[in-house]
Enquirer: 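Here you go, one structure.
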Number of protein chains: 2
Amino acid sequence: MVNQAESILKSSALSVTSSRKKIIDIFLSASTALAHQDIEKLADQYDRVTIYRTLQTFLERGIIHTIPTTDNTIKYALCSDDCISSGHHHDNHVHFLCDQCGRTLCLDDVMIPVITLPKGYSMKAINMVVNGICKLCRA
Amino acid sequence: MVNQAESILKSSALSVTSSRKKIIDIFLSASTALAHQDIEKLADQYDRVTIYRTLQTFLERGIIHTIPTTDNTIKYALCSDDCISSGHHHDNHVHFLCDQCGRTLCLDDVMIPVITLPKGYSMKAINMVVNGICKLCRA
DNA sequence: TGTAGAATGCAACTTTGTTGCAAAATACTT
DNA sequence: AAGTATTTTGCAACAAAGTTGCATTCTACA
């Protein structure tokens, strides 16, 4: 019996350690994208440095991705299954940052529209981030 | 004879000081968006704290705006004339981050397309950032 | 089960950002 | 043009965020 965290690690050819499993579990049970600080609090039995290195490793392997924000913070979120299984990383949905509750949400149903760049520019990745008030805060 | 930096400060009802003029001049002569660190180096006769506070003031007055990035840095750029003169801040063009030279460019000609959010979400601001290789690096 | 190699924790450090307060500069009044 | 209220600046001290080297511990695998 292998759990989801272990299978993610194994399919990325990473050794299975308790800190890595814990951090993946945190992402799996989170409904929003998480800042480094959030993870530190939720996994406080592990060293700060371990969390930095683990997130770095996960980024390199494409297990998680970053979401750009207009304040100084970086938010991390699990990549979708699609994103992991394909070799290349692609993350073509819109992200939403609630100005009231501070949560970062993946709007999986809202695709990023195609845009045309000026001559001479090539595109490797695209991010679209909306700020506003989320469903829960408006209700 | 009033220079451009002074007229920007006066139209924002800010007192004219040498550090503020210097920082605006840096933005005026920069072809790309700048990180805090860039400004610190280019205005190293001024205290770090002064630069933090000046950028903060400029943001509040809508003289500059931030550009979100996927790495940990925030980049600042001068708002266009339109953006300054209208009361509200709007910055509806796409930003481009070159993965090779690291520069952040405003693609003034590429507008952010309109998207539809799911029910219950309200939009206050939107950012679109493209990573890739810029014109100059490809040439 | 033993061992090579990888991951972790610790300590020390660098960088980045913040706050309070005294000194200096600016804007405004007369 | 000088005096003064107010704003801005620089300094110092601090807090938070991120990095590096190295010894110890753990994992994967023979």
Enquirer: Heavy-atom contacts under 4.0 Å between residues 32-49 of chain B and DNA chain D, which residues?
Expert: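 By residue number: B/Tyr46, B/Asp47, B/Val49.
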Enquirer: Suppose we call two aromatic rings close when their centres sit under 6.0 Å apart. Are A/Tyr76 and A/His36 close by that rule?
Expert: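 Aromatic pair excluded; centres sit 6.0 Å or further apart.
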Enquirer: Is B/Thr17 near enough to D/dT8 that one of its side-chain N or O atoms lies under 4.0 angstrom from OP1 or OP2?
Expert: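 For B/Thr17, the contact criterion (side-chain N or O under 4.0 Å from OP1 or OP2 of D/dT8) is not met.
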Enquirer: Mind calculating the distance between NZ (A/Lys21) and C1' (D/dT27) to the nearest angstrom?
Expert: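 Spelled out: NZ on A/Lys21 to C1' on D/dT27 is 11 Å.
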Enquirer: Do the side-chain N or O atoms of A/Ser15 get closer than 4.0 angstrom to the phosphate oxygens (OP1, OP2) of C/dA7?
Expert: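 For A/Ser15, the contact criterion (side-chain N or O under 4.0 Å from OP1 or OP2 of C/dA7) is met.
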Enquirer: Taking all non-hydrogen atoms of both residues into account, name the closest pair between B/Leu14 and B/Thr57 and its distance.
Expert: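 Looking at all heavy atoms of both residues, the shortest contact is CD2-CG2, 3.7 Å.
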Enquirer: Any heavy-atom pair between the side chains of A/Ile115 and B/Val130 that's under 4.5 Å?
Expert: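 Yes, their side chains come closer than 4.5 Å.
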Enquirer: Any side-chain heavy-atom pair from B/Ile112 and B/Val94 closer than 4.5 angstrom?
Expert: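 Of all side-chain heavy-atom pairs linking B/Val94 with B/Ile112, at least one is under 4.5 Å.
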Enquirer: Could you grab the distance from atom CD of A/Glu6 to atom CZ of A/Arg20, nearest 0.5 Å is fine?
Expert: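 Answer for the CD-CZ pair, A/Glu6 versus A/Arg20, is 12.5 Å.
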Enquirer: Using the side-chain heavy atoms of A/Arg53, tell me which of these nucleotides is nearest: D/dC22, D/dT9, C/dA6.
Expert: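 Closest nucleotide to the A/Arg53 side chain: D/dC22.
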Enquirer: DNA chain C: A/Ser18 or B/Leu14, which has the more 5' nearest nucleotide?
Expert: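 Going by which nucleotide is closer to the 5' end, it is A/Ser18.
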Enquirer: Let me know the distance between CZ of B/Phe58 and P of D/dT8, rounded to the nearest Å.
Expert: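 My rounded result for the distance is 11 Å.
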Enquirer: Under 4.0 Å, counting only non-hydrogen atoms across every strand here, what does A/Thr57 touch: a base, just sugar-phosphate, or nothing?
Expert: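 Contact class for A/Thr57: none.
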